[in-house]
Amino acid sequence: MAETKRKSRGEAKGKRGKPSKKQKKGTDTRERKGPRLPNALRKELERLNPVDEGFGSDEDQEEVYGRDLYEYEEELPEEESKKNRRYDPVENLEYQMPEEFEDENVSSDDDNDTRNAGEDGVEDEDEKDDDGRQRTTRITSEAFEGKKKKKNNVVISEAYPESEYNPTRDMLEGEGPVSIGDLLDPLHGVSGYSKLRKRIHHLEKKSVPTPAPLPKADQEKLERKAAYEKSKEELQKWEPIIKRNREAPTIYFDDDMDLGFSTVGAIASEFEPRTEFEKKIASLVYDDQVMEAHQKDGSRLLELNKVSAEDEKDRHNRMAKMRSLLFRHEMKSKHIKKIKSKTYHRLLKKDRLKASSTQSQMDPEAAKELAMKQEYERAKERMTLRHKGSSKWTKRIKERGIDVQDEGTRTAIAEQQHLHALLTRKMNSMKDGSSSSSDDSSDEDDVDVYSAGSDQARASKLLEKAKEKTLNLLDEDDEVPKSGVLSLPFMVRGLKKRNEAAAEEAKLALQEYESWSNQLEDSNGADNAKVAPPSGRMVFNASKKEAPESSNKTQSDNKIRSDNYYGNSDSEDDFEPKENVDIREDRSSDLQNNGGINPVLLHKEFKNHKDSLFKNFDDIVQDPGPKTTHEVSIFASGTWKKMKGGNNADANANKPTRPLESVVLNQNLQEPVKDLDEDSDADSEGQMVDGILTSDPKVESSYELPSQAEIIRQAFAADDVEDDFEKEKQEVLNKENPEPEKPVLLPGWGQWTHVQKKKGLPSWMLQEHESAKRMREETLKKRKDAHLKRVIISEKLDKKAEKLYTKSLPYPFTSKEVYEQSIRMPLGPEFNPATAVGALNRPEVMKKPGVIIKPIEFEEVNPYERIEEQTQSGKKHKKRNKSKSNSSKNGTKVKTKLKN
Amino acid sequence: MGVKQDDGSIMPTSEQEKISDELDIRVKKFLRGEKTNLEGLQDKKLKGQLAVREELFGKSAQAAAKAEKWLLPSEGGYLEAEGIEKTWRIKQESIAHEVDILSARSQYDIVLPDLGPYTLDFTSSGRYMAAGGRKGHLAILDMKNMSLVKEIQVRETVRDVVFLHNELFFAAAQKKYPYIYNRDGTELHCLKEHGAVLRLQFLKNHFLLASINKSGQLRYQDVTMGGMVANYRTGLGRTDVMQVNPYNGVVALGHSLGTVSMWKPTSSTALLKRLCHKGPITAMAFHPNGHLMATAGKEKKIMLWDLRNLKDEPLQTLPGNADTLDFSQKGLLARSTSSFVQILRDSSGTQNYNNYMTHKIIKGYQVEKVLFRPYEDVLGIGHSMGWSSILIPGSGEPNFDSWVANPFETSKQRREREVHSLLDKLPPETIMLNPTKIGTVKPQRRKEKKTKEEKEADMEAAVEAVKGIEPKKKTKGRNKPSKRTKKKQEIVANAKRPFLEQQKKEEEQVVRKKQKVIEQVELPTSLQRFSRKKSAT
């Protein structure tokens with residue numbers, strides 16, 4: 001029995017040890033354990049072993065016990081082994097009981113053996129060897145085993161679930177395992193033994209028990225970890241590409257662009273005749289003969305053009321056919337003309353309309369005709385007003401309800417409505433147009449009025465119109481209502497009064513019109529001259545232009561002008577009579593229109609109020625001289641008086657206060673300077689008055705050294721300038737940070753008066769004051785001009801300029817300095833050379849519209865490559881792209897290899 | 001070592017270094033400041049982006065520097081003295097012998113004894129000049145072909161002439177008002193609102209005509225739309241010293257108390273006041289780069305001030321009077337008193353101005369205005385007997401940028417430029433002391449009071465936040481709808497309370513203030529004896 005068992009065990013062992021030597025060894029070590037214990041239990045044991053020696057000894061006993069017995073190992077039920085893990089050594093002992101039942105399973109083992117034997121035919125020798133060894137070294141092995149047990153005291157589980165179909169060796173043998181030492185001993189003395197032994201020894205030293213497989217969860221975790229590592233590796237190879245793209249200032253997506261043909265010629269050259277027809281044409285066109293003939297002088301073409309008799313006959317026949325067809329057509333149309341069927345004609349008309357519409361689109365003549373026709377239609381429609389839906393027929397139909405009607409009537413009604421809509425639309429649009437045009441015309445009228453009768457005819461017309469209207473108003477008899485509130489006597493009286501007033505006004509207006517019209521007739525060229533195109537100077541004339549419009553100034557235009565003029569001249573006479581003359585003269589000479597007129601004479605003439613001459617002059621003045629008009633406006637507005645006053649004051653200041661000033665105004669430093677300037681002004685004026693073209697010795701005198709008094713003043717001026725400035729600075733500081741108020745003692749307020757007297761101000765008041773003072777000082781210290789005595793820098797914030805600053809740092813920046821430095825360089829083409837502008841302003845993504853952006857492709861990139869090399873100038877990049885696209889076209893995709 | 005040149009020769013190393021140094025200087029100019037400091041940055045992405053940007057900036061600057069180095073046609077030069085020669089002893093006559101005919105032509109005197117003293121103005125290209133005689137003579141001259149474009153006599157005192165954006169228009173400050181004329185001498189506008197203006201200045205980039213009148217009122221008028229942009233009382237008295245800083249458009253006024261005040265159209269107070277002199281200020285000028293200001297006082301001192309870092313002391317104090325001062329494009333400073341003109345030059349580049357040239361016109365002539373002609377080495381002098389023009393080598397910018405100002409502009413180009421400049425017109429609020437600050441983060445206000453709307457918005461937000469909280473589900477008896485609504489209302493009221501309290505407090509404060517004012521104003525006679533007397537305290 002034992003023999004066979006051992007044998008079978010050996011066989012099993014041999015089978016196990018098949019795959020490799022190492023595994024064999026592993027199985028060897030595994031064999032040492034006695035009873036087969038369920039996995040969970042074993043683990044528990046493993047855990048306990050190092051602590052509990054007694055348990056180990058127990059095991060020993062078991063092993064001794066089980067050497068010559070079959071061991072039955074029952075697997076623990078799953079639920080027990082996994083869920084309930086509270087095991088004791090005592091509990092464990094219980095499991096030895098079932099080992100004794102094992103005997104029954106022998107037959108099955110045999111079965112196993114036989115099966116194995118069949119399979120293991122190859123390894124017969126090995127088995128035999130094993131058997132021999134075991135036989136010889138049984139006892140020694142046992143002893144050896146005992147020693148060894150302590151060393152490898154690990155419980156090893158089986159790789160597959162235990163059952164009666166795959167029993168362990170221990171089970172089969174009932175003995176301790178055979179060690180390698182046992183096997184080696186018989187070989188003692190054989191050559192190479194020492195070597196083998198050394199190796200074995202070495203192996204044994206290193207041998208470590210194979211750990212138990214981890215629980216499933218852990219295993220999976222590990223697997224996942226491994227998978228993650230793998231995938232990470234896979235993904236990591238993309239990193240340089242991504243990094244490159246992220247770091248690149250610009251990404252180009254316009255590579256790999258293939259827009260196909262770029263020219264029509266290119267498309268045409270690719271053309272291949274496919275259909276029958278095309279082929280035929282091609283054969284004719286590309287006929288060798290024809291081509292040749294074309295290339296040569298062309299005489300051959302004539303030959304090719306020769307028409308055969310047959311062809312001529314054919315042509316003749318065709319002609320005859322056509323003629324007959326035409327005749328038939330004529331006959332048919334004659335017949336049609338005679339047809340009286342309405343429906344037929346309607347259909348015909350429809351067809352014709354269609355044809356005409358297409359024709360109208362083609363040529364303008366037809367379009368014109370069509371337009372005329374439509375106009376006619378419209379007129380007709382306006383006459384009949386069919387579209388209004390006011391006819392008896394439509395009314396009746398509407399009453400009955402359109403839905404009830406048959407198709408024909410419904411369409412007719414719809415047509416009418418459509419027409420109505422069309423016409424009304426047209427009407428509206430026409431209204432708009434007319435209104436705008438009328439506006440224009442009225443504008444024009446306005447313009448005319450403003451330019452005060454530039455177009456005489458127009459003006460007179462306007463006047464006439466106005467006259468007529470007023471006359472009409474006058475003539476109108478007011479119908480006095482004979483009933484109601486208005487018929488009451490006081491109302492009637494009131495109405496009458498009003499009417500009278502209106503009539504009077506109208507009469508006045510009429511007079512005005514008449515005077516204007518007279519004036520219009522009078523003024524021939526003068527008024528025309530006034531139509532000078534509006535220019536910058538018109539600004540000054542504006543008030544005058546409006547004059548004729550305003551009814552308040554009932555005088556004629558001429559009069560107004562003359563009035564202005566007199567105002568002007570009078571005032572100037574008052575002021576500086578000579579200058580007036582001079583100016584006149586100068587202007588006249590400037591204009592050169594008034595050739596040969598003596599200014600003095602002119603002046604006289606003005607005084608004589610000779611109208612005609614005056615008018616002449618006025619024209620000239622009006623014509624190009626902006627200055628005159630300006631002055632006119634000045635005096636008309638009455639501002640000159642002010643100026644005169646100012647001048648008077650100046651003069652006063654000049655004369656009497658002079659001596660005083662030098663004494664009094666020492667501290668007032670502004671005055672002397674002013675005085676000086678005024679003096680010079682006055683002087684120059686005087687010379688101006690004296691004459692323009694003559695030089696005076698006085699001119700030089702104004703540039704003489706300043707007087708002694710002034711020099712003294714200037715010398716004294718320096719004394720308190722600094723103090724003044726300091727004071728000013730203090731003032732500014734106080735204005736911007738006012739000094740805190742001094743605490744004031746209110747008798748009896750907060751404390752008894754006697755206490756107050758003793759203690760003075762309460763401490764909190766003093767503290768508050770102190771802190772306020774300190775605050776002020778601190779703020780003053782923070783000022784930019786704190787350490788500058790002679791400088792005041794305004795700390796006022798300019799609200800308008802605030803929009804020129806950013807409110808907060810823009811996003812990626814965290815420090816103000818870096819941001820400010822980064823914006824120091826201008827980017828525009830004015831500030832940078834043309835080579836740099838493009839690169840400085842290139843957008844982040846370069847892409848042409850319509851280009852499909854392909855997903856990123858893997859390519860090897862040197863991660864240590866510098867960005868700069870990748871972001872080459874656009875040209876280079878494009879070149880690279882081109883080569884890329886070419887290669888891709890050929891079908892072999894060649895990636896750009898590592899540079900450098 | 002050396003770089004191989006195109007013709008095959010090898011450039012010596014020292015020369016190469018020189019060129020690279022020169023380029024470095026230019027590159028620095030085009031980099032417009034320090035590179036961004038990326039070291040403190042945490043954000044990697046931003047860091048990367050900024051690094052790329054910086055690189056682009058660097059490339060751009062490099063390209064610009066190279067273009068400037070190799071493409072600019074001419075170089076400026078100065079008078080250089082040999083041995084014991086002194087530059088200021090060199091007379092105009094001796095210069096005339098040395099220079100080419102074209103330049104020699106620009107040495108001339110125009111004698112107009114009757115209508116003097118003349119004030120001058122050039123267009124930004126230097127092609128046209130406007131001359132205004134005190135006694136009403138206005139003239140426009142084409143300086144290139146030395147021809148008179150137009151001359152008019154306005155028969156009024158003319159105090160100042162200034163060109164507007166191009167030579168087509170100019171403004172003249174006359175006796176009562178300033179006027180705007182076109183090139184043909186046609187009067188286009190009379191700016192009555194300005195009053196009797198003493199000085200006019202035109203701000204090219206903003207299209208503003210600034211004026212200071214007799215009563216010390218500073219006005220800005222937009223010449224495009226015609227609106228009056230600003231009108232401020234300076235409160236510092238009458239002055240006829242006004243100069244615009246070409247760098248930032250700030251208008252500076254010199255006052256009789258020795259102060260210089262700087263103004264912008266959007267602020268009613270002076271941006272900056274500085275006590276420069278002990279006597280009244282007679283003249284003022286700004287360096288074209290805007291960092292240097294020269295002032296002259298009656299106490300016979302000329303001072304140079306740094307405008308970037310303000311200090312109490314001037315950069316340099318020069319002795320001498322000046323009735324008029326002007327900086328040239330290259331930074332020469334011309335000053336003039338009576339009939340003596342002196343040109344100072346910063347020869348060492350350390351803002352230390354020395355005597356460079358002197359010029360004397362005929363005694364008795366009083367210089368009214370000195371003005372450097374842009375893009376030419378010419379100084380125009382307006383004086384009591386007309387005007388003259390002298391050569392000052394090294395004063396003008398040798399290379400003109402036709403995008404900025406083109407002396408050879410055709411009328412078509414002028415029209416184009418007019419439209420462009422109108423499109424690029426800057427709003428008046430962009431005038432500030434440091435225009436590079438535009439676009440940066442807004443400076444913090446010292447204490448920002450919240451506006452009423454903001455307060456309301458805050459309160460609403462708080463209420464909304466509270467409303468969003470779902471009330472707890474209470475047990476059966478306590479979960480009545482009435483109780484729930486009550487609770488809700490309570491919560492909302494609680495949320496509102498602090499805001500309302502704040503509001504109440506503020507209102508009370510306002511009321512108290514008002515009361516105070518009222519009490520101060522009128523106390524009943526019976527109580528007046530209790531009121532604190534102001535003189536006592």
Side-chain angles (χ1 to χ4, degrees), chain A residues 247 249 536 583 586 626-627 630 643 669-670 673-674 681 684-685 687-688 692-693 695 700 703 714 717-718 721-722 724-725 788-794 796-798 800-802 804-809 812-816 818-825 830 832-833 835-836 839-840 867, chain B residues 32-34 36-37 40-43 45-46 48 50 52-53 56-57 59-60 63-64 67 113-114 134-135 153 155 157 176 186-190 237-238 256-259 266-267 269-275 278-280 298-299 310 312 364 366 384 403 429-430 432 438-442 445:
Chain A
E247 284 174 352
I583 288 166
D586 185 44
K627 190 147 305 116
H630 156 60
M643 294 187 299
L669 286 164
Q670 286 103 314
V673 181
K674 207 187 275 180
D681 275 0
S684 61
E685 261 166 51
Q687 275 146 28
M688 298 274 291
I692 302 99
L693 296 173
S695 69
E700 256 71 32
Y703 293 98
Q714 280 161 16
V721 160
E722 273 178 54
D724 281 354
F725 192 79
L788 299 171
K789 258 187 180 178
R790 297 175 165 191
V791 180
I792 306 171
I793 301 170
S794 165
K796 240 179 150 185
L797 266 182
D798 187 0
K800 273 183 192 163
E802 259 177 21
L804 301 172
Y805 298 99
T806 54
K807 273 182 187 165
S808 55
L809 273 177
F813 290 100
T814 46
S815 102
K816 208 173 144 187
V818 171
Y819 169 65
E820 280 171 15
Q821 266 175 332
S822 74
I823 60 163
R824 73 181 195 281
M825 281 282 277
E830 293 94 343
N832 287 298
T835 51
L840 279 171
I867 313 162
Chain B
R32 297 174 171 91
E34 289 286 296
T36 317
N37 186 18
L41 275 179
Q42 300 283 330
D43 191 345
K45 192 180 171 193
L46 177 64
L50 286 180
V52 170
R53 281 269 97 174
L56 285 176
F57 288 157
K59 272 183 192 165
S60 165
D114 301 327
R134 186 80 176 184
K135 293 182 192 68
Q153 166 62 275
R155 298 169 168 276
T157 312
K176 281 170 189 159
T186 315
E187 179 194 317
L188 299 177
H189 298 288
C190 167
R238 174 181 166 132
S256 53
L257 281 168
T259 53
T266 50
S267 159
T269 51
L271 287 176
L272 186 100
K273 269 182 206 168
R274 131 169 277 158
L275 183 67
K278 290 190 173 175
K298 275 242 163 108
E299 87 275 27
L310 300 164
D312 275 338
Q366 297 281 324
S384 54
W403 295 107
E429 53 266 24
T430 53
M432 52 182 79
I438 290 175
T440 57
V441 181
K442 191 159 67 179
R445 270 197 181 196

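- Atom CD1 of A:I823 sits about 12.5 Å away from atom CZ of B:R53, to the nearest 0.5 Å.
- Interatomic distance, CG of A:L788 versus CZ of B:R274, reported as 7.5 Å (0.5 Å rounding).
- The distance from atom CG of B:L310 to atom CD1 of A:I793, rounded to the nearest 0.5 Å, is 5.0 Å.
- The ring-ring contact (aromatic ring centres under 6.0 Å, His included) search around A:F725 returns none, not counting sequence neighbours.
- Counting heavy-atom pairs under 4.5 Å between each of B:T259, B:T440, B:L272 and chain A puts B:T440 at the top.
- Comparing B:L50, B:T36, B:D312, B:T269 by heavy-atom pairs within less than 4.5 Å of chain A, the highest count is held by B:D312.
- Between the CD atom of A:Q821 and the CD atom of B:E34 there is a distance of 7.0 Å, given to the nearest 0.5 Å.
- If you tally non-hydrogen atom pairs under 4.5 Å between each of B:I438, B:D43, B:T266 and chain A, the highest count goes to B:T266.
- Using a 4.5 Å cut-off on side-chain heavy atoms (C-beta onward), B:K278 and A:E722 make contact.
- With a 4.5 angstrom heavy-atom cutoff, A:K800 touches chain B via backbone and side-chain atoms both.
- Among residues two or more places apart in sequence or in another chain, the salt bridge (Lys or Arg N to Asp or Glu O under 4.0 Å) test is passed with A:D798 by B:K264.
- In this structure, NZ in A:K789 is found 11.5 Å from CG in B:L275, a value given to the nearest 0.5 Å.
- Contact check for B:L41 versus A:F813: no side-chain heavy atoms found under the 4.5 Å cut-off.
- Taking both residues in full, the closest heavy atoms of A:K807 and B:V441 are given as O-CG1, 4.3 Å, listed atom of the first, atom of the second, then distance.
- Here A:P833 is the residue among A:S815, A:S822, A:P833 with the most heavy-atom pairs under 4.5 Å with chain B.
- In this structure, chain A has heavy atoms under 4.5 Å from both the backbone and the side chain of B:A63.
- Between A:N832 and B:S60 the shortest heavy-atom distance is OD1-OG, 2.6 Å.
- Counting only heavy atoms from C-beta outward, the side chains of A:L804 and B:E429 approach each other to under 4.5 Å.
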